[in-house]
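I have placed the structure first, in the form of structure tokens, so that the comments after it can refer back to it.
In this text, all values refer to a predicted model and were calculated from it rather than measured experimentally.
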Amino acid sequence: MIYLFFALLGFLNPPFFGGGPWFFDDLNLPPDLMAEVKNLHFQHREKVIDLQAELQKEYLKFQELLENDNVTEKELSLAIEKISDLKKNLMKERTIFLFNLKKILPAEEWQKLKDQFMERRQKGKYEKMHRGFNDEQIRRQR
């Protein structure tokens, strides 16, 4: 029952941050700056992968706790705190990456990257909302 509650809240679905190096290919950057951007991105992805792996392990431990009939509230609280801390660290890492990226990119390329990100984000929201529908079904609903 508790597991279902957290699953419905999306609590047990780990976040995914990032995009591939292809995300920067549309930017008009000199080769040395592109290399710096890709290096920064690589370092960021390395940290994110480590944090996500750690988060997956904590989710697994948390699920095991939820299935345990003798679990205490304190044990659950500690597990939730660990998961929350890891999620916070992922968000912090992403924010620092974007901050550092903004520092090294020219303003117009930063804006292009933001626009590209927002376009992908809106497309993702659209696809989530209409998952399982084809375009004809979507047009009929409007």
Side-chain angles (χ1 to χ4, degrees), residues 1-68 70-139 141-142:
M1 182 69 164
I2 292 175
Y3 176 77
L4 179 63
F5 172 74
F6 286 113
L8 288 173
L9 288 177
F11 189 75
L12 296 175
N13 297 324
F16 172 76
F17 297 115
W22 52 266
F23 203 69
F24 306 110
D25 288 344
D26 291 341
L27 300 180
N28 187 20
L29 300 175
D32 58 329
L33 185 55
M34 180 61 84
E36 188 177 352
V37 166
K38 288 189 176 186
N39 184 44
L40 182 67
H41 183 255
F42 178 80
Q43 292 172 3
H44 164 68
R45 290 299 302 151
E46 234 179 1
K47 291 175 187 173
V48 166
I49 288 168
D50 289 343
L51 287 168
Q52 285 177 331
E54 205 174 330
L55 184 59
Q56 287 286 339
K57 290 176 188 176
E58 289 304 322
Y59 276 127
L60 189 61
K61 291 176 188 175
F62 183 68
Q63 288 174 343
E64 190 174 23
L65 280 176
L66 291 174
E67 292 173 7
N68 183 348
N70 300 322
V71 67
T72 65
E73 185 177 341
K74 183 176 182 175
E75 289 172 321
L76 283 176
S77 292
L78 286 173
I80 291 169
E81 282 181 39
K82 282 182 184 178
I83 289 170
S84 295
D85 286 345
L86 287 167
K87 283 184 168 190
K88 176 189 73 174
N89 290 342
L90 275 167
M91 182 178 281
K92 182 179 176 183
E93 173 55 38
R94 181 170 186 260
T95 304
I96 290 170
F97 166 69
L98 291 174
F99 175 76
N100 288 331
L101 190 59
K102 184 178 180 181
K103 283 193 317 188
I104 64 173
L105 287 177
E108 61 276 356
E109 297 304 316
W110 172 250
Q111 186 60 47
K112 188 189 294 185
L113 190 63
K114 276 180 26 181
D115 293 344
Q116 184 181 1
F117 175 75
M118 291 307 291
E119 182 181 313
R120 286 185 66 219
R121 187 174 180 190
Q122 289 301 322
K123 183 180 177 191
K125 284 182 181 178
Y126 176 83
E127 288 172 354
K128 265 188 187 175
M129 286 174 30
H130 298 96
R131 191 175 297 153
F133 292 96
N134 63 34
D135 287 339
E136 182 60 34
Q137 290 171 316
I138 293 168
R139 278 192 288 279
Q141 287 180 350
R142 290 182 187 165

Taking all non-hydrogen atoms of both residues, which atom of Leu27 and which atom of Met34 are closest, and how far apart? O-CE, 4.1 Å
The side-chain hydrogen bond (donor to acceptor under 3.5 Å, both in side chains) partners of Gln111 (sequence neighbours excluded) come to Asp115
Kindly indicate whether the side chain of Leu86, heavy atoms from C-beta on, has any atom under 4.5 Å from the side chain of Leu51. yes
Reported CG-to-CG distance for the pair Asp50 and Asn89, which is rounded to 0.5 angstrom: 12.0 Å
Atom NZ of Lys112 with >12 non-hydrogen neighbours under 6.0 angstrom: yes
Could you check if a side-chain atom of Leu33 sits within less than 4.5 angstrom of a side-chain atom of Glu36, using non-hydrogen atoms only? yes
Using the test salt bridge (charged side-chain N to carboxylate O under 4.0 Å, His left out), find all partners of Lys102 that sit at least two apart in sequence or belong to another chain. none
Would you find a donor on one side and an acceptor on the other, under 3.5 Å apart, between the side chain of Glu75 and the backbone of Thr72? yes
Quick one: does Leu29's side chain get under 4.5 Å of Leu105's, heavy atoms only? yes
In Å, rounded to the nearest 0.5 Å, how long is the span from CG of Leu60 to CG of Leu65? 10.0 Å
Residues pairing under salt bridge (charged side-chain N to carboxylate O under 4.0 Å, His left out) where one sits in residues 51-66, two or more places apart or in two chains, turn out to be Glu58-Lys61
Which heavy atom in His44 sits nearest to a heavy atom in Glu93, and how many Å separate them? ND1-OE2, 3.0 Å
Please say whether more than 12 non-hydrogen atoms of neighbouring residues, nucleotides or ligands are located less than 6.0 Å from CD in Glu108. yes
So which heavy atom on Lys87 is nearest to which on Tyr59, and how close? CE-OH, 2.9 Å
With sequence neighbours excluded, residues passing side-chain hydrogen bond (donor to acceptor under 3.5 Å, both in side chains) with Gln43: none
Set of residues satisfying side-chain contact (heavy atoms from CB on, under 4.5 Å) with respect to Lys103, sequence neighbours excluded: Phe99, Asn100
CD of Gln56 to CD1 of Ile83: how many Å apart, nearest 0.5 Å? 10.0 Å
Determine the minimum heavy-atom distance between Leu55 and Leu90, stating which atoms define it. CD2-CD1, 3.8 Å
List the steps, then state whether side-chain contact (heavy atoms from CB on, under 4.5 Å) holds for Glu109 with Asn28. CA-CA 7 Å; Glu109 297 304 316; Asn28 187 20; 3.7 Å; yes
Applying side-chain hydrogen bond (donor to acceptor under 3.5 Å, both in side chains), name anything that partners Ser77, two or more places apart in sequence or on another chain. none
Compare all side-chain heavy atoms of Arg45 with those of Ile49 and state whether any distance is below 4.5 angstrom. yes
